[in-house]
Amino acid sequence: MSGRPQGIVTHQPAQQNTATSDDWIADLIVSLLSLVWWMVKTAVLLAWRFPLVVAGLLTGWWAYTSDHLFLVGIVAAVLVMALVVWRLVWPGSFSHLIAQPAWRRRKRRAIRRNWPGLCERVGLALAVTDRRSGQRESWTPGLSRLRWASWEHLVLTGRVQVVAGQTVDDLASAAETLGAACGAWSCRVRKTGPRTAVVTWLYGDPLAQVVTRLPVPQVLDAAAVPIGLREDGQPWLLRLAATHVLIVGVTGAGKGSVVWSLLGGIAGGIRDGLVQVWAVDGKAGMELQPGRDLFTRFETTVEDGVQLLEDAVVLMTERAARMAGTSRRHEPSTREPLLVVLVDEVALLTAYTPDRKLRDRAEKALAAIATQGRAPGVVLVAALQDPRKEVLGLRNLFPTKIAMRLDEKAQVDMVLGEGARESGAVCHQIPDTSPGVAYVKVDGVREPVRVRAAYYDDQAIEDLARTHAPSKAPESRPVFSVVDDSHPETGDDLRQEGAA
Ligand SMILES: Nc1ncnc2c1ncn2[C@@H]1O[C@H](COP(=O)(O)OP(=O)(O)OP(=O)(O)O)[C@@H](O)[C@H]1O
């Protein structure tokens, strides 16, 4: 019994020796391949991260081995001198083509590389205990798609996914600290999903300069009217279709520039008869008079202004009755144009006029338009200085709110809604040297957006009115008749009260 196993045993060492030598060769090949792979990877990484240093070293090596050291030295010295001269004589183009791209690359790389550390420092790291090992680990939100959204305005954006156990609100609360930690003057967080957000770092302020007048769109797009610039350097496009717009700001805040930019943005539609603007300027026409030719109706007294609002309600009611059962969405046409009811300093109608009956009629007509005007294409655009409730009780009926410079920080939430100031809308901190700057809050979108309206000077307004006045052809005007008897509670009601 014991002999056979012995034979086997004596054979085994020979088998083991072959296997060991095979393993040894395989290990060596694997190690060599790993080494080569590591060297290639490191070389590519170094060339990618430090292209100039690697190019310099390679050139130096080549010059040394091929006896061209002197020649290369001369070329290098000439290059350095050329750069110095460029920097001194044409600092603008040097900064634009050399310094800024290098700075942008460094900045982006630094944030990407230091992201976990940055998150830890601003309180965005979550300590988690590993279930198997029992060890404490630090989890930080993931960062991807980090890129410069605007080179000109130095806007860097990245997609951030918070870790399970965090919310986008946690990220938003850390935005200011995160911005400062990254050396940005401002940082915004825009939620894009339950756990994802786009983070925007602003290294420059595109709104610091006056925004020049935008080209007038020749084709009406009431869903995206160009008004100016957003702080991320993108155009500020305002939805006018199916909404109402409230513009609030102290005197001199630049409400006029929002109004004129808006009129400029729809001027193509006004000229083509697709939009009608009925304007009320209770300050005897002082503000809106230069654009008189753009308006189908223009009233300059409180009494006439209130009448205009009531007429708009009649038109709205008629149109709604016509649309009932056929269409739920108004499409602007020359027969049924989008009606923009523009009221400058709406408080003159609702609060400051001593005639109580007139105030009530104004409130009632404004409330009717604000609650029922969107579907039949009657849009209210109102400008206001004082946002208190007793001045304009129905400010919450405006889905789009634009808050410009305000006196007190409590007024921010008053205009834009609860939590707007916490979300970064610091209207009370807008300097009086930046007229036209505002925060826009649209219902359904969490974060207010900082913007600046383009500036229209008197000449620009005059040109706009001259070149885009609506055609006087009778067929381009909507039929405006007394309201149908079947809807007495809205149109007739108001009309009778108005006449009283
Ligand atoms: N977007 C803008 N860019 C640069 N300057 C502007 C802008 N908007 C307004 N301004 C300047 O600020 C001044 C005040 O603007 P504006 O009259 O529009 O303010 P407002 O809010 O309408 O004031 P008020 O309520 O007293 O009428 C203007 O004379 C103009 O010079």
Side-chain angles (χ1 to χ4, degrees), residues 153 205-216 225-231 233-238 245-265 267 277 279-292 294-295 298-300 302 305 342-353 381-388 391-392 395 398 400-408 411-412 414-416 425 427-440 449-465:
H153 301 301
D205 183 10
L207 311 185
Q209 309 294 325
V210 172
V211 178
T212 47
R213 197 153 50 94
L214 306 167
V216 175
V225 181
I227 306 289
L229 206 59
R230 294 189 335 198
E231 70 174 349
Q234 301 301 310
W236 170 21
L237 302 174
L238 186 76
V245 183
L246 180 65
I247 309 159
V248 185
V250 296
T251 179
K255 297 184 290 299
S257 64
V258 178
V259 168
W260 291 116
S261 297
L262 194 139
L263 289 167
V277 181
V280 181
D281 181 355
K283 291 186 216 158
M286 273 167 55
E287 296 290 333
L288 300 178
Q289 179 63 42
R292 169 73 189 90
L294 292 171
F295 309 137
F298 182 51
E299 306 299 350
T300 55
V302 172
L342 171 63
V343 188
D344 190 54
E345 199 39 73
V346 67
L348 284 174
L349 276 59
T350 57
Y352 303 154
T353 183
V381 178
L384 180 68
Q385 281 184 12
D386 181 351
R388 282 172 307 134
V391 173
L392 186 66
R395 57 184 187 216
F398 290 80
T400 305
K401 298 163 191 103
I402 301 172
M404 310 193 80
R405 183 158 54 86
L406 296 174
D407 278 332
E408 299 157 24
Q411 293 177 335
V412 177
M414 226 180 253
V415 179
L416 298 179
C427 308
H428 55 296
Q429 288 176 9
I430 296 174
D432 55 7
T433 48
S434 304
V437 171
Y439 288 85
V440 183
V449 179
R450 186 167 163 268
V451 293
R452 187 166 192 177
Y455 180 51
Y456 271 68
D457 59 19
D458 293 347
Q459 187 58 48
I461 295 169
E462 206 176 286
D463 291 348
L464 183 74

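This structure is a prediction, so every number in the text was calculated from the model and none was measured. Just so you know, ligand 1 is whichever comes first in the structure, and atom 1 is the first atom listed for that ligand.
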Inset, instruction - Could you list the atoms of ligand 1 found under 4.0 angstrom from a heavy atom of Ala453? - result: 1 (N)

Inset, instruction - May I ask you to list the atoms of ligand 1 that are less than 4.0 angstrom from any heavy atom of Glu287? - result: 27 (O)

Inset, instruction - May I ask which of Gly256, Gly228, Gly249 has a heavy atom nearer to atom 18 (O) of ligand 1 than the others do? - result: Gly256

Inset, instruction - Consider ligand 1: state whether an atom of it lies below 4.0 angstrom from any non-hydrogen atom of Lys283. - result: yes

Inset, instruction - Look at ligand 1 and say whether Val250 reaches it with a heavy atom at a distance under 4.0 Å. - result: yes

Inset, instruction - Report yes or no: is the cationic atom of Arg213 (NZ for Lys, CZ for Arg) closer than 6.0 Å to the six-membered ring centre of Tyr455, at no more than 45° off its axis? - result: no

Please report which non-hydrogen protein atom sits nearest to [atom], along with the residue it belongs to and the distance in Å to one decimal place.
| atom | value |
| --- | --- |
| atom 13 (C) of ligand 1 | Gly252 O, 4.6 Å |
| atom 25 (O) of ligand 1 | Lys255 NZ, 2.7 Å |
| atom 19 (O) of ligand 1 | Gly254 N, 3.1 Å |
| atom 11 (C) of ligand 1 | Pro435 CG, 3.7 Å |
| atom 26 (O) of ligand 1 | Thr251 OG1, 2.5 Å |

Legend entry - Glu287 backbone acceptor or donor facing Asp281 side chain under 3.5 Å: yes

Inset, instruction - Kindly indicate whether atom 5 (N) of ligand 1 is approached by any protein heavy atom to under 4.0 angstrom. - result: yes

Legend entry - Flag: protein heavy atom within less than 4.0 Å of atom 28 (C) of ligand 1: no

Inset, instruction - Could you verify whether a donor N or O on one side chain and an acceptor N or O on the other, from Asp407 and Gln411, lie under 3.5 Å apart? - result: no

Inset, instruction - Give yes if a backbone or side-chain nitrogen or oxygen of Val210 is under 3.5 Å from a nitrogen or oxygen of ligand 1, and no if not. - result: no

